[in-house]
Q: 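Can you keep this structure in mind? I'll have questions shortly.
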Amino acid sequence: MTYLFIILYAVTLIYFALSERVKKFIWLLAIQGSILFGIVFFSLNKIEVFDFVFILIETILVKSIIVPWFLNKVRRHNHLKREHEPSIPVFYSIIVVVISLLLSFILSSQLNDNQIHTKYFTVAFASILFGVYFIIIHKNIFSHVVGYLIIENGIFLLSLAVGSVMPMMVNLAILLDVLMGVLVLGIFINQVGDTFKSVEIDQLSNLKD
Amino acid sequence: MISFLLILVSSIFFVGIIIKVKAKIAARKMPSVFQPLFDVIRLFKKGAIYSSTTSVIFKITPLVYMASVLMATLFIPIGSQKGFLSFEGDFVFFAYLLAMGKFMMIIAAMDTGSGFEAMGANREALYSMLVEPAFFILIGSMALFTHNTSFQDLYMNLHAGTELTYIISIAAIYILIYIAMIENSRMPVDDPKTHLELTMVHEVMVLDNSGFDLGLIHIATWLKFAIYGGLISNFVIQTTWIWYYQITAFLGIQILFAIIIGLVEAFRARNKMEKNPQWIIMLSAIAVVIFLTTLIITQKIILN
Amino acid sequence: MFILFVIISITISLSIFFVRNNILTKILSAVFLLMLTGISGYAFIHINEISSHYYKFDDLGVLLAFVLSILSLATFYHSYLYLKRHNFTNKQEAGYYASIIMLITAMMSAYFAENIAVLWISIETTTLFVSILIFFERTKEALEAAWKYLFVSSVGVALAFIGILFLSITASSNGITDLSLLHLIEIASSMSSIWLKMAFLLVLTGYSAKMGLFPLHTVAIDAHTVAPPPISAFISTTLMNVGFLGIYRVFTIVAQTEVLHWAQNVLLIAGVLSVFMSAIQLLKIKHYKRMFAFSSLEHMGIVALGLGIGGIGYYAAILHLVFHSFVKAGLFYQIGQVHRYFKSYWIKDAYGYFKINPVGGLALILGFISILAIPPSGMFVSEFLTFKAMFLTKHYYIAIFILILLTLIIYSFSKNILHLLFNEADEEIEINEIKPNPYESISQFVLFGLVIYLGINPPVFFTDLIDAAIAILN
């Protein structure tokens with residue numbers, strides 16, 4: 001069952017590359033959050049109450065409800081509808097995402113470390129690679145935050161790959177990171193939108209030598 | 001043999017159903033299911049007119065096209081009903097039979113010397129080229145999964161698996177539906193109802209064909225739909241079913257497929273022309289995901 | 001004990017933020033400063049003791065905490081001057097003090113963190129508060145710089161977290177499940193080298209945004225340009241020390257294994273490129289604060305080189321870090337003073353400062369000599385030791401290349417500072433008529449004097465701290 005969700009996660013990455021509407025990004029983030037919940041739910045063998053509550057809060061509540069809801073608010077505040085043409089055509093982005101998926105699957109099959117659950121490593125690595133790529137190709141600071149969240153989702157999966165040995169504190173740290181990151185970044189997006197009347201990165205180029 | 005006949009039969013009413021669904025949704029008077037058949041019969045009664053600039057290529061093309069599609073039909077099994085022909089690696093042969101027909105269509109379109117037709121041929125060539133990896137990765141994954149390389153054995157051995165096989169089946173059906181749409185130049189990629197040559201893909205290529213030739217091209221289009229419907233139905237039909245269940249299921253799926261196409265065409269707008277390539281390559285990307293899933297199932301990639 | 005400090009600091013910060021009473025703010029700030037000095041002293045007395053489970057008063061932490069305490073005193077003083085001279089509302093002032101107290105607390109937490117995860121959380125927290133402070137003046141440039149700093153640092157810190165996860169992968173295969181530094185160092189020799197390499201690379205890249213080292217240094221430089229001068233002083237000194245510490249902690253783990261040589265080469269590359277970038281950019285610099293920012297990039301490059309070379313290089317690196325903190329902070333305070341007269345940080349708008357304010361000019365000259373490592377500056381000692389280490393370990397080409405770059409840096413730096421001090425151009429520039437106040441330069445003189453003193457005649461406890469801090473590497 002875990003594989004099902006992992007495959008679905010890979011498919012969401014492809015749709016990230018394909019879509020050009022800001023609203024769709026937010027939807028995809030929400031879907032990724034639910035997929036993460038599914039992965040954790042079906043992969044934890046002996047689930048404790050505390051763990052369960054934590055995972056519920058982290059994935060369902062934060063990743064698939066609060067964060068998308070907040071991003072949607074930011075989107076409406078700044079009247080964002082359609083992402084302008086990314087600097088690299090979508091056609092190549094899809095090829096990049098496929099290559100990164102293939103790469104990370106091959107890499108995970110090469111890893112024969114007993115301490116790491118390579119099935120999570122596959123999409124985790126692809127997600128991080130793609131998140132960085134996503135930030136690079138988009139010229140809009142809202143999309144940069146979306147890219148950052150894709151990276152964070154990848155990191156969440158990576159921490160699953162490391163296994164149950166991770167201290168709770170680290171999980172809490174990720175949760176804080178996402179929540180604070182999104183809230184603060186979102187507030188700053190609104191500031192930028194109000195000050196510059198646009199959230200294109202071209203606006204932010206006064207500081208240079 | 002039965003599968004060949006079934007596909008021929010289903011192809012007759014396939015396009016009719018699409019037209020019926022679209023008319024129903026647009027609240028028009030529905031034509032008969034056999035309306036496309038009547039049209040073709042009418043076309044067959046007419047003679048063909050050839051432009052003086054065309055050569056022999058243009059004249060033989062409809063025949064070659066029709067022949068290639070008919071030939072491809074022979075390879076499709078339905079459930080436990082074997083295809084007419086079958087050998088190792090026949091899916092490659094199948095793909096290139098269709099490609100050969102398409103190739104003839106393209107060069108015939110160029111042969112007319114019309115700027116519009118060349119443009120349409122250009123687009124058609126691009127889309128076929130882009131859709132090819134999707135088809136091969138998909139069927140290749142199936143071959144890897146079942147360790148068989150002919151359509152018949154491949155489908156025979158498909159239905160023995162876990163929940164992951166269901167993902168593969170669903171994704172494969174999704175991809176095949178859209179491959180069928182692209183190969184037949186239907187909605188998301190091309191609009192058969194468009195009246196502007198600049199936005200056409202397939203329709204503009206057959207502008208110069210008339211009478212008998214045009215009828216042949218129409219029949220080939222029906223057949224192609226039916227072929228892909230057959231490929232899709234094989235993902236659902238279990239070989240363990242009784243033969244009349246299989247046949248009913250096949251016909252049901254064909255009708256359902258036609259209705260889906262009708263619905264898609266009625267509700268969806270055509271993609272922007274420059275969005276088409278990225279949309280088509282997306283199918284290949286999903287096919288790659290299927291391939292990776294197959295690798296996991298067959299334990300070519302061992303994950304823990 | 002340490003957790004108590006954190007809790008009280010948060011309480012102070014919150015009460016300042018919500019009460020917004022000027023007098024209370026000053027009293028609470030004074031209390032906080034006392035407490036900060038107190039905790040540093042406490043740490044020095046209880047050196048190498050575990051505190052509050054996740055913290056440890058280790059030597060390097062204590063040293064850097066002292067630097068932070070001294071600079072906090074000066075920064076609060078200059079913040080007071082800065083806020084007094086601009087018309088900010090009570091709410092803004094309260095926000096300023098609350099954020100700076102949280103920033104200092106987060107930095108202290110980073111210095112003493114014994115657990116890599118805690119260190120990471122602390123660094124993440126510093127990003128947040130620094131961004132608020134960078135955005136303090138609410139200008140377009142400030143917004144741009146704050147956004148870039150926040151975003152790139154967040155991504156950098158996320159990368160560093162991936163590095164930490166990799167570290168924990170290889171640690172857990174050796175049975176260590178917490179990320180305690182002590183345990184990690186114990187089992188370091190049995191860690192798998194490929195994971196260690198990846199972890200080190202990611203941590204170096206991620207924290208380089210904080211340290212202002214080569215790959216992600218640009219955001220720190222933009223932040224300097226627009227932040228209020230006291231905050232710039234913090235960003236380029238104590239906050240860079242935090243970034244350094246993040247890298248250094250992982251480096252101590254790597255140093256126990258055969259990956260050490262590889263990691264040192266990576267540091268050498270980062271260091272050389274930092275100095276190179278800085279030299280190139282300084283040649284065409286147009287802005288005084290940006291000039292100091294690029295100078296920080298250069299000095300961080302030298303610190304990375306010191307770590308990369310090893311031997312005496314380790315000692316030199318830590319020494320350089322401490323001296324650089326004092327000198328650069330002093331320069332930023334002084335440039336804040338300069339800004340009062342010219343209302344601009346652009347090189348074309350500000351010159352002839354020595355005539356206007358001789359005492360301030362003198363401080364600037366002293367700082368200028370110190371930052372360029374000209375004797376009697378203490379930085380001469382640390383740079384000399386770095387080069388000595390380079391020659392002893394036969395890194396001739398790197399040494400020569402860096403020396404050439406340093407010459408370029410000295411040239412462009414002197415050109416601009418001398419322009420600021422002594423140039424008397426024909427065209428009139430607008431100068432605010434303010435009576436110079438020599439007492440405002442006292443803190444700078446103290447800091448520069450401290451660097452000279454520590455360089456010439458370092459007290460025993462100072463050298464002992466550094467020696468103890470690098471003992472684990474040798």
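Reminder, nothing fancy here: chain letters follow the sequence lines and each chain counts from 1.
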Q: Of the backbone (N, CA, C, O) and the side chain (C-beta and beyond), which part of C/Ile194 lies under 4.5 Å from a heavy atom of chain A, both, or neither?
A: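 It is neither, since no heavy atom gets under 4.5 Å.
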
Q: How long is the span from the NZ atom in C/Lys148 to the CD1 atom in A/Ile141, to the nearest 0.5 Å?
A: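 Between C/Lys148 NZ and A/Ile141 CD1, I get 11.0 Å after rounding to 0.5 Å.
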
Q: At a heavy-atom separation under 4.5 Å, does C/Val226 approach chain A through its side chain, its backbone, both, or neither?
A: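 Interface part for C/Val226: side chain.
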
Q: Below 4.5 Å, heavy atoms only, C-beta onward: do A/Phe196 and C/Leu143 meet side chain to side chain?
A: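 Yes, side chains in contact.
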
Q: Side chain, backbone, both or neither: which part of A/Ile135 has a non-hydrogen atom closer than 4.5 Å to chain C?
A: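 Only the side chain of A/Ile135 comes within 4.5 Å of chain C.
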
Q: How long is the gap from CG on A/Leu158 to CD1 on C/Ile169, to the nearest 0.5 Å?
A: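 Going from CG on A/Leu158 over to CD1 on C/Ile169, the span is 5.5 Å.
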
Q: Return the CG to CG distance between A/Leu157 and C/Leu165, rounded to the nearest 0.5 Å.
A: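 CG of C/Leu165 is found 11.0 Å from CG of A/Leu157.
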
Q: Could you tell me which portion of A/Phe125 (side chain, backbone, both or neither) has an atom closer than 4.5 angstrom to a non-hydrogen atom of chain C?
A: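 Interface part for A/Phe125: neither.
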
Q: Can you tell me how far OG of C/Ser154 sits from NE2 of A/His144, rounded to the nearest 0.5 angstrom?
A: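 With rounding to 0.5 Å, NE2 (A/His144) is 13.5 Å from OG (C/Ser154).
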
Q: Centroid-to-centroid, A/Phe188 to C/Phe135, below 6.0 Å?
A: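 So the answer is yes for these two rings.
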
Q: Looking at C/Arg138, C/Glu141, C/Lys140, C/His287, which one has more heavy-atom pairs under 4.5 Å with chain A than the rest?
A: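 Highest number of heavy-atom pairs under 4.5 Å: C/Lys140.
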
Q: Just verifying a value: how many Å separate A/Ile151 CD1 and C/Ile162 CD1, rounded to the nearest 0.5 Å?
A: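 If I round to the nearest 0.5 Å, the distance is 7.0 Å.
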
Q: Rounded to the nearest 0.5 Å, how far does CD1 of A/Ile187 lie from OG of C/Ser131?
A: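 C/Ser131 OG to A/Ile187 CD1: 12.0 Å, rounded to 0.5 Å.
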
Q: Could you pull out the closest heavy-atom pair between C/Phe151 and A/Leu185, with the gap in Å?
A: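 Closest approach of C/Phe151 to A/Leu185, heavy atoms only: CD1-CD2, 4.1 Å.
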
